[in-house]
Structure formats: structure tokens, C-alpha cells
Amino acid sequence: MSGDFPKNAEEARLDRDTTREELTETLNALGQKLDVKTRVNENVDEKLDQATAKVADLTNPTTAVKFRQGADTVRANPVPVFAGVLGLVIVIRLVMRRRNS
């Protein structure tokens, strides 16, 4: 089919169906690119897989499994972990100040 106007109803239907399929593919691709949360989660999963593989190479598979479980726990509960780390930083800073005084 050329770029001309369809000559009959069947050509018009085929053209319409082809255009719909192409538009659906384009919209799906755009939707995937614009879904930042999913892309970030996929990237984090990829990085965790790489880190877990390095831990397994340096130690043993059991330690790598525990590392991955810990990382997944942190991802599932980021607020308590952040609060704990912040509390630890504050305590360390207070101890350092008292030592310097």
C-alpha cells in the first residue's frame, strides 16, 4: 500500500488496524520509559544482584543470601532503617563532642 488515500473499505480497515497496532506499540514504549518508579526498582534489583554476586565471590553463598535478605528488608522498610542510622550518627557525634571537650 502506498501513502495514498485507501481506494476501498478493505484497504481503509487494514490501514486503520495497522495504525492502531503501531500506535499501541508506541504508547506502550512511552509508558515504559515514563514509568520511573519501575525503572528505578529494576536498576536497584540489578545492582543488588551484582553486589550479591560479589559477596558470594568474596565469602560464601550463605553470606550472600543473608546479604540479599538484609538488602530486601531495608528496601521493604526504609523509614525504620533510616531512623536507626540517623540515631546512630547522632550518638556518635555526641560521643565525639564529649571526647573533644
Would M96 end up clustered with L88 when hydrophobic side chains under 4.5 Å apart are linked, directly or stepwise? yes
Might you point out which heavy atoms bring L48 and A71 nearest each other, and give the distance in Å? CD2-CB, 3.5 Å
How long is the gap from NZ on K66 to OG1 on T59, to the nearest 0.5 Å? 10.5 Å
Joint cluster assignment, L86 & V74, ILVMFWY side-chain distance < 4.5 Å: no
What distance separates F67 CZ from T62 OG1, expressed to the nearest 0.5 Å? 15.0 Å
Quick check for you: to the nearest 0.5 Å, what is the distance between E11 atom CD and L14 atom CG? 8.0 Å
Salt-bridge contact E42-R39 (side-chain N to carboxylate O under 4.0 Å): no
So, taking the atom named CG in L34 and the one named CG in L30, what distance separates them when rounded to the nearest 0.5 Å? 6.0 Å
Dump the intermediate steps for side chain to side chain contact (heavy atoms under 4.5 Å, CB included) on N41 and R75, then the final yes or no. CA-CA 10 Å; N41 285 336; R75 286 183 70 199; 3.3 Å; yes
Basic-acidic side-chain contact under 4.0 Å: D72, R68: yes
Give, for atom CD of Q32 and atom CG of L27, the distance between the pair rounded to the nearest 0.5 Å. 11.5 Å
Report yes or no: do T63 and N60 form a side-chain donor-acceptor pair below 3.5 Å? yes
